[in-house]
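Below, read A as the first sequence line, B as the second, and so on, with proteins coming before strands; counting in each chain starts at 1.
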Amino acid sequence: MRYSKYFIPTHKEAPSDAEVISHQLMIRAGMIRKLTSGVYTYLPLCLRSIRKVEDIIREEMNRAGAIEILMPAVQPAELWQESGRWEHYGRELLRFKDRHDREACFGPTHEEVITDLIRKEIHSYKQMPINLYQIQTKFRDEIRPRFGIMRGREFIMKDAYSFDVDEEGANLSYEAMYEAYTRIFDRCGLKFRAVEADTGAIGGSYSHEFMVLAETGEDQIINCTGCDYAANLERAEVKPSETLPESDVQELNPIIEVATPGIKTVEEVADFLSVLPSQLIKSLIFVVDGEEIAVLIRGDHELNEAKLKSLLGAQTVELAFERVVEEITGAPVGFAGPVGLNIRIVADHALKGMRDFVTGGNRKDLHLRNVNMKRDFEVDLFGDLRVITSQDSCPRCGRKIEFGRGIEVGHIFKLGTKYSQALKAVFLNHQGKETPIIMGCYGIGVGRTVAAAIEQNHDKDGIIFPIPIAPFEVIILPLQMHDTGVVETAEKIYTELLDIKVDTLLDDRDERAGVKFNDADLLGIPIRVTVGVKGIKGGQVEIKLRSETESFFVPINNAASSINEKVEALNDSPK
RNA sequence: CGGGGCGUGGCGCAGCCUGGUAGCGCACCUGCUUUGGGAGCAGGGUGUCGGAGGUUCAAAUCCUCUCGCCCCGACCA
C-alpha cells in the first residue's frame, strides 16, 4: 500500500476525552474515530489489524473443529422472553419495535438464536458434538462506555456455541476451546493468563476468562505463586481459616451497649472504641430476589456480591435502600447489627472463630460490644462471601498469591442445560430417550484484543504492534522524494516485498524525514526500512525494528530477503 | 440513575468572573526557501461560541431550559 493513496489521518495531539493510552494512540494513529458514545468507525489501519485477529481466530476455531456461520443481529423479543432474559438482561439490551409494533432487540449475544436454530435442526445424538461460531457486530448498551473500543457499546465479537450429548462431551468441547483460545492469544503475540471467572449475566456453571496482562486493565486478577491457580478477583475463592473451638461459651463476656453518636463507618467505630477493624462485624442489609437478608462480614473484609449471589442461587442481589434498612433495623444506616433481627442471616466463614465482637445496636448512635454468635443471634447460613486479600493464601495449595490487572479479551463458559431447557432444545439419545442438549459458549472481543495489544505494547512514541496483528509488517521510508535514486530504490524494495507477500506500506508522501519517522513510530509497524541518500551511496538501506533502539544496514540487492527473514523471525517468536 | 466537569474553526485551548469588533498553537491552502527525527518566512481560508428562550442599547460572557460529551459513583453503612 502507498501511504499517499491510503487513509491514515494521524494527529499530534489526542482528544482530551481519551483517558487510557490505547484509546489515545488509536485516535492519534488514525485507527478509530468516534461517532457517538461507545460507537466507533474503524479506519483502514484498525480494520487491517482486526482482520488479522479474525484470521487467526478463524484458523484456530476451524482447527478445533468449529464451523463458521453468521446469525442475524436483530432478534425477536419472543425468543428472549422464552429464555427469560427479556426480563433479566436489563437495560443493556437495546430494544426497539419494528413497523408492525413487534418488539425486537439488537443482539448483545446469541444463545437464544443459536439454541433456536439447534432445536429445529438437531434431533439425534448422531448429530453431535457440534460447535458453531460467528464473527459479528454486537450491541450492548453499557452503563458507561469508556476507553475507546475497549468498552464500546457496539463491538465486534467472535462467539461460539458447542452442543454435546453429555457432560463428558461438553467437557471435551470446553477443553478444545480452552486450547484454541490459548493458541489464538499466543499467536496474537499477547502476554495473557487464563483465570477462573464468575459467570455473570450469560449464566452457566463454570468459566475461564482470558486476560491480557496490563496495568490499566479493568479487572483485578490473582494468581498463585506456587501452583497454577489464577482467578478473577470477583471469583477467587477464600480458604476458610482455622476455626476456634466453641466449647468455652460460659466464659463469654456480657453485652455492653456503647453510645456512638454519629459514628458509623468501620474505621470510625474501631477508632472510637480503640479496637481493630477485624473485631467489628459489618451488617449489610440486602434484597435478594425480593427477600431482605442480613449479610455479616468481618469489619476489615470486603463483601463479594458475586459470591453472595451464587451462595444463595439468586437472580438479583441489591443493597437495600436506606428506607428499607431503617424499617428492618429500626435505626438509620450505620447502626445495623444482627442482634434481634428477624430476617435470614448469612455470614462469611471468617466469623466462625470470632468472639466478643462489636456490631451495630439497631438503634441510632448505638453499638454493642462483646456480641457472640449462638448466645446473641443465630446465623442461618455460612459461606465464602468475601473478597480475597493479600493476607490470604492460595485456596488450592496454600502458598502466597499475587495481585495483578488484566483486560478480558476472551471468556469461555460451560452453560449446561440452562438454555436448552428454557428453549426446549432436546435430542433422542442412544436409548431413544428425550434429553436436553449440553451447551457451552465461547466469546472473544476482537476489537478489544487489538486495543489490549496496544495497551500492552507501546512506548512514548506510539504503538509497538506484535507483528501477527500489525496492520502492516513493514514500512518503507524514502527520505528524499526528490532524489530519483532514493525513490527508485524504495520502489524496488516495495515491489519485491509485495511479490513475496510481505505486508508493506510505502510512505511515498513528500514529507520531511522527521514527519515520516514520527508517523512510523506512532503507527507501530514492526519493521522500518529507511531509504536515504546516505545509505544509497554505500549501496545500503537501514532496517530498524520498532521494538528495538538499534538499527542495522543491509545491501539493497538482498534487502527484500533480509527483511523477509526478519518478518518470519518476528512471526515465529511469540512473546 | 446520583455527583462533578466540559461544550468556542478539524485537534488542543484562551476569552466568560467584571457584557462592548471572537483569539492563540497545531492542522489546512498558495508561494519561496528548506529537507536523516513533527522546518522557516510571507500570504490565505476556516466559527450559526452545542441548541432554544430570556435579560440588555448590546450576550461566547448574565439567567432559565434543553441536548451532547467526559470523569467519579451507583456495594462495603
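- Of all non-hydrogen atoms in A:Ala470 and A:Ser49, the two that sit nearest each other are C-OG, 4.1 Å.
- Within the nucleic acid shown, A:Lys34 comes within 4.0 Å of sugar-phosphate atoms alone, with no base atom in reach, counting heavy atoms only.
- At B:A77, one or more side-chain N or O atoms of A:Lys282 fall inside 4.0 Å of OP1 or OP2 (strictly under the cut-off).
- Salt-bridge check for A:Glu305 with A:Lys309: failed, with every basic side-chain N at 4.0 Å or more from each acidic carboxylate O.
- If you check every strand for non-hydrogen atoms under 4.0 Å, A:Asn518 touches a base.
- Residue-level contact check: A:Val295 touches neither bases nor backbone, having no heavy atom under 4.0 Å from any strand.
- Remark: the separation of the C1' atoms in B:U48 and B:G44 is 23 Å, to the nearest Å.
- Counting to the nearest Å, the P atom of B:G37 and the NZ atom of A:Lys544 are 14 Å from each other.
- Regarding A:Asp507, its CG atom lies at a distance of 15 Å from the P atom of B:G38, rounded to whole Å.
- Searching all strands for a Watson-Crick or G-U wobble partner of B:C17 with both distances below 3.5 Å returns nothing.
- Taking the P atoms as reference points, B:C65 lies 35 Å from B:C24, given to the whole Å.
- For A:Leu284, taking side-chain heavy atoms from C-beta onward, the closest of the listed nucleotides B:A77, B:G38, B:C71 is B:A77.
- B:U61 and B:C49 are spaced 10 Å apart, taking the C1' atom of each and rounding to whole Å.
- Atom-to-atom, CZ of A:Phe147 to P of B:C69 comes out at 17 Å; the value is rounded to the nearest Å.
- Applying the Watson-Crick and G-U wobble criteria (two distances, each under 3.5 Å), B:C24 pairs with B:G12.
- For the P atoms, the distance linking B:A58 with B:G20 amounts to 14 Å, nearest Å.
- Side-chain proximity of A:Val515 to the nucleotides B:C75, B:A77, B:G38 is greatest for B:G38.
- Nucleotide B:U30 forms a pair with B:A42, judged by Watson-Crick or G-U wobble geometry with both contacts under 3.5 Å.
- Here A:Arg386 pairs with A:Asp392 in a salt bridge; the nearest charged N to carboxylate O distance falls below 4.0 Å.
- A:Glu142 has its CD atom 16 Å from the C1' atom of B:C70, to the nearest Å.
- Counting only heavy atoms from C-beta outward, the side chains of A:His301 and A:Ser278 never approach each other to under 4.5 Å.
- For the C1' atom pair drawn from B:G9 and B:C63, the interatomic distance equals 28 Å after rounding to whole Å.
- Separation of the P atoms belonging to B:U46 and B:G23 is 12 Å when rounded to the nearest angstrom.
- Checking B:G73 for Watson-Crick or G-U wobble geometry (two distances, each under 3.5 Å) identifies B:C1 as its partner.
- Both tests pass for A:Lys352 against the ring of A:Phe382: distance under 6.0 Å to the centre and angle within 45° of the axis.
- Of the residues near RNA chain B, A:Arg146 and A:Asp461, the one whose nearest nucleotide (by heavy atom distance) lies more toward the 5' end is A:Asp461.
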Exercise for the section: Just do the side-chain contact (heavy atoms from CB on, under 4.5 Å) check on A:Ile476 and A:Ile493 with the steps written out, would you? Expected result: CA-CA 8 Å; A:Ile476 303 176; A:Ile493 297 172; 4.1 Å; yes
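- At a threshold of 4.0 angstrom between heavy atoms, the contacts of A:Arg91 with the nucleic acid are absent.
- Within 6.0 Å of the CZ atom in A:Arg405, the count of heavy atoms belonging to other residues, nucleotides or ligands exceeds 12.
- The gap from the C1' atom of B:C13 to that of B:U18 amounts to 22 Å, rounded to the nearest Å.
- Base contact: A:Gly535 has a heavy atom under 4.0 Å from a base atom.
- Here the C1' atom of nucleotide B:G37 and the NZ atom of A:Lys460 are 10 Å apart, to the nearest Å.
- What separates CG of A:Asp459 from C1' of B:G37 is a distance of 14 Å, to the nearest Å.
- Residue A:Arg144 places at least one side-chain N or O closer than 4.0 Å to OP1 or OP2 of B:C71.
- Counting any heavy atom pair closer than 4.0 Å across all strands shown, A:Ile143 reaches a base atom.
- Residues A:Pro145 and A:Leu522 both approach RNA chain B. Their nearest nucleotides, taken by heavy-atom distance, put A:Leu522 toward the 5′ side.
- The gap from the C1' atom of B:G73 to that of B:A60 amounts to 32 Å, rounded to the nearest Å.
- Counting any heavy atom pair closer than 4.0 Å across all strands shown, A:Ile285 reaches a base atom.
- Applying the 4.0 Å criterion to OP1 and OP2 of B:C69, one finds that A:Thr36 has a side-chain N or O inside that range.
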Show the distances under 3.5 angstrom between N or O atoms of the protein and N or O atoms of nucleotides 33-35 of chain B.
residue : atom : partner  : partner atom : Å
B:U34   : O2   : A:Arg512 : NH1          : 2.8

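- Taking the charged nitrogens against the carboxylate oxygens, A:Glu218 and A:Arg146 do have a contact shorter than 4.0 Å, which makes a salt bridge.
- Separating the NZ atom of A:Lys12 from the C1' atom of B:G37 is a distance of 12 Å, rounded to the nearest angstrom.
- Annotation: cation-pi pair A:Arg48/A:Phe472 present, NZ/CZ under 6.0 Å from the ring centroid and within 45° of its normal.
- Both tests do not hold together for A:Arg95 against A:Trp80: distance to the six-membered ring centre under 6.0 Å, angle to the ring axis within 45°.
- Contact check on A:Asp17 versus A:Lys34 returns a salt bridge, with a Lys/Arg side-chain nitrogen under 4.0 Å from an Asp/Glu carboxylate oxygen.
- A 4.5 Å side-chain heavy-atom check between A:Val533 and A:Val486 finds at least one atom pair inside the cut-off.
- The shortest side-chain heavy-atom distance between A:Arg546 and A:Asp521 falls under the 4.5 Å cut-off.
- Residue contacts for A:Arg528: at a heavy-atom cut-off of 4.0 Å it reaches a base atom on one of the strands shown.
- When both pairing distances are held under 3.5 Å, B:U55 makes no Watson-Crick or G-U pair with any nucleotide shown.
- The interatomic distance linking A:Met481 (CE) with B:G36 (P) rounds to 15 Å, in whole Å.
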Expected rows: protein N/O vs nucleotides 4-11 of chain B N/O, under 3.5 Å:
none

